[in-house]
Amino acid sequence: MDLGTGHRSERSTAPGAVGSGAAGERRFPPGFLLGAATSAYQIEGGVDLDGRGPSIWDTFAAAGHARGHTGEVAADHRRRMAEDVALMARLGLPAYRFSIAWPRVQPTGAGPANQAGLDFYRALVDELLAHGIEPLVTLYHWDLPQALEDAGGWPVRATAERFADYAAIVGAALGDRVRRWSTVNEPWCAAMLGYAAGVHAPGRTDPAAAVAAAHHLLLGHGLAVDALRAALPHGADAEIAITLNPYPVVALGDSDADRDAARRVDGLANRLWSEPVLHGAYPEDVLDDLSAVSDLAHIRDGDLAQIARPIDALGVNYYRRHHVRHESGASAPPSPWPGSPDVAVVEPPGAPTSNGWAVEPDGLTEVLVRLSREGAPPLYVHENGAAFADVVDEDGRVHDEARRRYIADHLAACLDALDAGVDLRGYMVWSLLDNFEWAEGYTQRFGIVHVDFATQRRTPKDSALWYAEVVRTGTLAAEPARPAGDGRRP
Ligand code: IFM
């Protein structure tokens, strides 16, 4: 359908791998999956519907740790699901990655399934499929049932076991219609921001607990892989992944101390997750660093083999690099770097984004190439996007040229990775909708669709209209023109 972008783009003719088309256009390979992503707590609202139980984010936000905001209403997606799917369809999105709220499916994180909760996700999946949109389901995007946190949370082994039970329930309920799965989203954030730095739910500041949480999130992933495979009727056809958030790490100086700080951050942010998942072993240097704060007794024989259960794909969430230098005491507890108290992770000045994150598209190529060289299975970018202070203009549109450029440059980085031989299968922009940005509440807008949180009116931003053209044509212009559409809402 005509989205009224006015943006001219030639449809590519010749199929093939990555190619270039007219006037410098670059083409995505056939089957390359383009779409958008969200997560349950960030958009759903409806926290009291379906018999949903409280999650750690309800508790944490209610205590005022998200700038006084909560996910109680969020983008009201629980009630507006059909409208949101229709909007995705009008944008022509071939794929949608979303997460399932564990406490909607198991209100206390254990025991029998809550049918009303499952019914919502089944209805969502059916609505997507009816519009020709492929669902990518993530089981855990940080909204742990509060009852499980009350019983110890991710630092206790039983939480990983409960997660496998939950995976089996969801697999059995949706496996006849969902092919692409991810177990856990960004376990680094769940463990280190949640249990060490205390800036995410549940807000604990215990380095040893964070180290145990990291292990049990990985173990939960491995157990869930088996549980899903056993439950999915698709069997071999299913694609099971975990979603990591790797960062290229740059040392800001070339002293031994700066290089060691970079090694430590690379270890905690990247290798602590990828090496056990891909190769069944924790990096020795990282274990050495962590032994300063943990006896590591939570790691049992056989766990690493479970964590390394074969997966079919790896999700990559990429936003920016980590720029690191040595600074005595800069990461003393509470910080997300347990066992490494002397690292400073510095945002380069002058970032154009509203949350101060740098824009470094070539870092995306770098992480994709690195993971590929390290033996990763097929890769998907499960998240990539940027926050800007968007406003609906007098013409009724959101002229988010900076975001459009950001997405274009990161899509080009994906094409560069493909050119370099990386088996990259798709890209999900973060995010479909403006949403609850965790500790930042509603102050950061990542959506390609603007949400007026007072009225819940959705306005596709210029970036969405432009992205719709990329999706429709399967091509990326070398110098994308500013969309000049007529302002009609799709
Ligand atoms: O909003 C988050 C998302 O939940 C996880 N990845 C990073 C995004 C931006 O901070």
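Order of listing sets the numbers, starting from 1, for every ligand and every atom in it. Every heavy atom of this structure was used, including side-chain atoms; hydrogens, water molecules and symmetry mates were not.
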**Message:** Quick one about E186 and N317 (side-chain donor to acceptor, distance below 3.5 Å, no hydrogens or angles considered), yes or no?
**Reply:** yes
**Message:** Donor-acceptor check, side chain of N384 to backbone of Y318, threshold 3.5 angstrom: yes or no?
**Reply:** yes
**Fill in**
Between V451 and the options D434, I43, L432, the side-chain contact (heavy atoms from CB on, under 4.5 Å) test singles out D434
Filter the ligand 1-protein atom pairs down to N or O on both sides and distance under 3.5 Å, then list them.
{"residue": "ligand 1", "atom": "1 (O)", "partner": "Q42", "partner atom": "NE2", "Å": "2.9"}
{"residue": "ligand 1", "atom": "1 (O)", "partner": "W430", "partner atom": "NE1", "Å": "3.3"}
{"residue": "ligand 1", "atom": "1 (O)", "partner": "E437", "partner atom": "OE1", "Å": "2.6"}
{"residue": "ligand 1", "atom": "4 (O)", "partner": "Q42", "partner atom": "OE1", "Å": "2.7"}
{"residue": "ligand 1", "atom": "4 (O)", "partner": "H141", "partner atom": "NE2", "Å": "2.7"}
{"residue": "ligand 1", "atom": "4 (O)", "partner": "W438", "partner atom": "NE1", "Å": "2.7"}
{"residue": "ligand 1", "atom": "6 (N)", "partner": "E186", "partner atom": "OE1", "Å": "3.4"}
{"residue": "ligand 1", "atom": "6 (N)", "partner": "E186", "partner atom": "OE2", "Å": "2.7"}
{"residue": "ligand 1", "atom": "6 (N)", "partner": "E383", "partner atom": "OE1", "Å": "2.5"}
{"residue": "ligand 1", "atom": "10 (O)", "partner": "E437", "partner atom": "OE2", "Å": "2.5"}

**Donor-acceptor pair, side chain of D84 and main chain of H77, under 3.5 angstrom** = no
**Item:** Of R445, R403, R397, the residue whose pairing with D390 passes salt bridge (Lys or Arg N to Asp or Glu O under 4.0 Å)
**Value:** R403
**Request:** Give me the one residue out of T138, I169, V105 that meets side-chain contact (heavy atoms from CB on, under 4.5 Å) with I100.
**Result:** V105
